[in-house]
Engineer: 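Quick one: structure below, then a few questions.
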Amino acid sequence: MNNNPYIGSSFDDFLKEEGLLEEINLIAVKRVIAWQIEQAMEQKNLTKTEMAAQMQTSKSSLDRLLDPEDVSVTLETIERAARAVGKRVHFELVDAE
């Protein structure tokens with residue numbers, strides 16, 4: 001904590017106190033994944049229909065994956081999307097603060 005009396009706690013501290021930090025972090029991660037997949041699709045000139053076919057899934061399932069607010073996609077779906085655009089997924093566990 002900072003000794004300056006005019007500076008309060010961090011925004012992360014606020015979110016933690018409100019019980020929202022983990023949820024916000026999860027949404028942020030999902031937004032990054034969705035954005036990265038969309039960027040890779042653009043680079044490969046893949047339409048959603050073509051992408052869904054390569055993933056062997058429905059277009060609605062792909063739409064859920066690309067929806068930055070929908071955090072309920074499975075790791076398998078993310079992995080299939082990554083393979084379809086020539087990428088691989090890398091997850092890492094890190095120490096909690």
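Quick caveat, the model's predicted, so the values are computed rather than measured. Side chains are part of it too, since the values below use all heavy atoms of this structure and drop only hydrogens, waters and symmetry mates.
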Engineer: Run the salt-bridge test on Glu69 and Lys30 with the 4.0 Å N-O cut-off and return the result as yes or no.
Structural biologist: no

Engineer: Work out which heavy atom in Lys87 is nearest to a heavy atom in Ala40; give both atom names and the distance.
Structural biologist: CE-CB, 4.4 Å

Engineer: Would you mind reporting whether Asn25 and Glu22 have side-chain heavy atoms less than 4.5 Å apart?
Structural biologist: no

Engineer: Tell me whether Ile27 shares a hydrophobic cluster with Leu66, the cluster being built from Ile, Leu, Val, Met, Phe, Trp, Tyr side chains joined at under 4.5 Å.
Structural biologist: no

Engineer: Do Val32 and Phe91 share a hydrophobic cluster, counting only Ile, Leu, Val, Met, Phe, Trp and Tyr and linking them when any side-chain heavy atoms are less than 4.5 Å apart?
Structural biologist: no

Engineer: Tell me whether Ile37 shares a hydrophobic cluster with Val89, the cluster being built from Ile, Leu, Val, Met, Phe, Trp, Tyr side chains joined at under 4.5 Å.
Structural biologist: yes

Engineer: Between Lys48 and Asp63, is there a side-chain N and carboxylate O pair less than 4.0 Å apart?
Structural biologist: yes

Engineer: Could you pull out all donor-acceptor pairs under 3.5 Å where a side-chain atom in residues 50-57 meets a protein atom, sequence neighbours excluded?
Structural biologist:
unit_1 : atom_1 : unit_2 : atom_2 : d
Glu50  : OE1    : Thr47  : N      : 2.9
Glu50  : OE1    : Thr47  : OG1    : 3.4
Thr57  : OG1    : Ser61  : OG     : 3.2

Engineer: Starting from Val29, can I reach Val73 by hopping between I/L/V/M/F/W/Y residues whose side chains sit under 4.5 Å apart?
Structural biologist: yes

Engineer: Roughly how far apart are Glu23 CD and Leu26 CG, rounded to 0.5 Å?
Structural biologist: 8.0 Å

Engineer: Nearest 0.5 Å, please: how far is OG1 in Thr74 from CG in Leu65?
Structural biologist: 8.5 Å

Engineer: Heavy atoms, side chains only, cut-off 4.5 Å: are Glu76 and Ile78 in contact?
Structural biologist: no

Engineer: Return yes when atom CD of Gln39 has more than 12 non-hydrogen atoms of other residues, nucleotides or ligands closer than 6.0 Å, and no otherwise.
Structural biologist: yes

